[in-house]
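Everything below concerns the one structure shown next.
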Amino acid sequence: MTAYLEIRDVHKDFSGLQVLTGINLAIREGERHALIGPNGAGKTTLFNIISGKYRPSSGSIIFRGQEIAGKPPHVINRIGMARSFQITNVFHELTVFENVMAGVRSRAGLRYNFFRRPEANSYLVQKVEDILKNVGLLDVKDIPASALSYGQQRALELGIALSTEPEIILLDEPTAGMTREETEQAIKLIDRVTKGRTLIIIEHDMDVVFSLADIISVLHYGTIIASDVPEKIRTDQRVKDAYLGEG
Amino acid sequence: MKAKISLILPIISVLVLLLLMPLVLKNYHLNILTEIIIFALYAVSYNLLLGYAGLLSFGHAMFFGLAAFVTGIAIIHLKGIGMITAIFLGVFSAFLAGVVIGSLLLRHKGSYFALLTLAFNALFYAVATKWHSVTGGDDGLNVPRPELNVIFAKIPVETVPQFYYFTLIVLGIVILFVWFFTRTAMGKTVLLMRENEERMKFIGYSTNLSRLILFIFTGTLAGLAGAFYTLHFRFVSISAISVEMTTVVLLMTFVGGTRTFWGPILGVFVYIILQNYLSDITDRWPLFMGLIFVFMVLFIPGGLSGFIMDMKERVAKKREVALEGNQL
């Protein structure tokens, strides 16, 4: 069976500093894939390369049969991939509604149109409201994103990622900075809204990782040292040495 | 529905008021009002860059001035040219300049963008100054106002009220379209550019294309204002394409405030009235204009429209507090 997203021998160095040293990863359609590893292992860099923010120094990435390595982010997004950011990255002075509408209308091809008003399209408005309802922000849709609480901003971050109806979604530490309770809520939310999509998630919280993921890959010094089902990862000696530690 | 009425009512009242102006105003003031409408379009187009997209340009006069010159030169050299053709040629030249310069600038932002626009403007200015045989250099060009033929009817635009109506109708419609534009998909995309260029890429927008489209659009609008500038004054000189002409629109926009659509229009109105008034009473009017702007930047950085919006909000809040007090 061919992989849905295949990363082949991806290297990345930043002016001599080797951050990724040959990443190979195959992700199947519908899989929930967690990426774990110590700080500085290259997880976010790998996300940045998959989503088009950076070009890989070498290697190739095949998504839905197309080579996407080195393509700009907006092209990769249109093929069906979306991502969230570790540090909240929303349109601060726009309303919550406008934040999500930006992605919804982009998906509908209403990006540069001079004559059509997205707000006048009830189909699009309905879609935005569905997403807002899904991430629990419908009540605050008319306030600027900057006025949201931290937890709400994280939910909006997720809402924006969902707004272009991606087939595959990359979440970069969606629960960063959350309390235990908030994290539990967020995980339920993520679990619900990513149903039917392929998910790659970077996460530090091991409870989250082990409860959510079908497959876990462990990144260590720019290379994947293990990639397997959670039970196997838990008992893998190399992973224990590198990351999980002796329990 | 209520929101719609509260939006459209002020627009209609202003339009009616403007249509009645020739009955009230003498030619001298009507001329000033015509100038205000021309600069209103110029400032509105500039604010799409500054206020809506967050791009500081020091080169907007290159579009304004280029179209002003092309319109003037076309009228002088092409015998029997009609007004519409002359305007079209001017606007089209600004459009082309937008395409070429926009393509060269679209990867730059912030201070690089500002400095590059300044450099391009200086280049245009240098060409206009040196190419004396075509542009008239420092002396400028006297440009007769050609005939306005719409289909087969000849519309008179010679007198001050006639040209005022012509300007009001054409530029009024364009300004209304720009207002509509700010609510369309592309208009909203411009806001995304200001708010978070990084993020918009990851939801499918090409920031380069967005920037190019905006640059061409605003350049073309400035060009239309420039064409009318030549027709209105029946004269064009290098001051139309100077960096000063950019700083003027920057000041007008800033005085009016960048956060609303109508702010720059208010800014133009205040700026031109003030300039006329001050220059009547003193030769040192630029000094007083300067002092007023320094005062504004220091104490009302949101511009006049920002100030008015703040006041409105305060009044609304007071009313709310008063209402709550009554309920208690």
Exercise for the section: Could you check A:N89 against B:N196 for side chain to side chain contact (heavy atoms under 4.5 Å, CB included), going step by step and ending with a plain yes or no? Expected result: CA-CA 8 Å; A:N89 200 352; B:N196 198 336; 2.5 Å; yes
Flag yes if more than 12 heavy atoms outside [X] fall under 6.0 Å of its [atom1] atom; otherwise flag no.
| X | atom1 | result |
| --- | --- | --- |
| A:Y123 | OH | no |
| A:R192 | CZ | yes |
| A:K195 | NZ | yes |
| B:L298 | CG | yes |
| B:Y112 | OH | no |

Please flag which part of [X] lies under 4.5 Å from any non-hydrogen atom of chain B: side chain, backbone, both or neither.
| X | result |
| --- | --- |
| A:T164 | side chain |
| A:E165 | neither |
| A:I160 | both |
| A:V90 | backbone |

From the list A:A120, A:G52, A:P118, A:A82, the residue making the most non-hydrogen contacts under 4.5 Å with chain B is A:P118
Residue from A:M81, A:E93, A:H92, A:R78 scoring the most non-hydrogen pairs under 4.5 Å with chain B is A:E93
Rounded to the nearest 0.5 angstrom, the CG-CZ distance for A:N99 and B:R199 is 8.5 Å
Counting N and O atoms only, with roles assigned by atom type, does the side chain of [X] sit under 3.5 Å from a partner on the main chain of [Y], one being a donor and the other an acceptor?
| X | Y | value |
| --- | --- | --- |
| B:Y205 | A:A102 | yes |
| A:R116 | B:T184 | no |
| A:R117 | B:R183 | no |
| A:S106 | B:I203 | yes |

- Item | Residues B:K188, A:E98; criterion salt bridge (Lys or Arg N to Asp or Glu O under 4.0 Å); working and verdict | CA-CA 9 Å; B:K188 299 279 183 186; A:E98 287 172 320; 3.4 Å; yes
Is the ring pair B:F181/A:F114 parallel, tilted or perpendicular, if the boundaries are 30 and 60 degrees?
tilted
For a 4.5 angstrom cut-off between non-hydrogen side-chain atoms, does [X] reach [Y]?
| X | Y | answer |
| --- | --- | --- |
| B:E195 | A:L94 | yes |
| A:K53 | B:F202 | yes |
| A:Y112 | B:S206 | yes |

Looking only at B:L192, B:L214, B:L191, the option with the highest number of non-hydrogen pairs under 4.5 Å against chain A is B:L192
Could you verify whether a donor N or O on one side chain and an acceptor N or O on the other, from A:R111 and B:S210, lie under 3.5 Å apart? no
inquiry  = Between B:F180 and A:F115, is the ring centroid distance below 6.0 Å?
reply    = no
Exercise for the section: Would you sort out whether A:F85 and B:E198 count as a side chain to side chain contact (heavy atoms under 4.5 Å, CB included), showing the intermediate values? Expected result: CA-CA 11 Å; A:F85 289 81; B:E198 166 87 0; 4.1 Å; yes
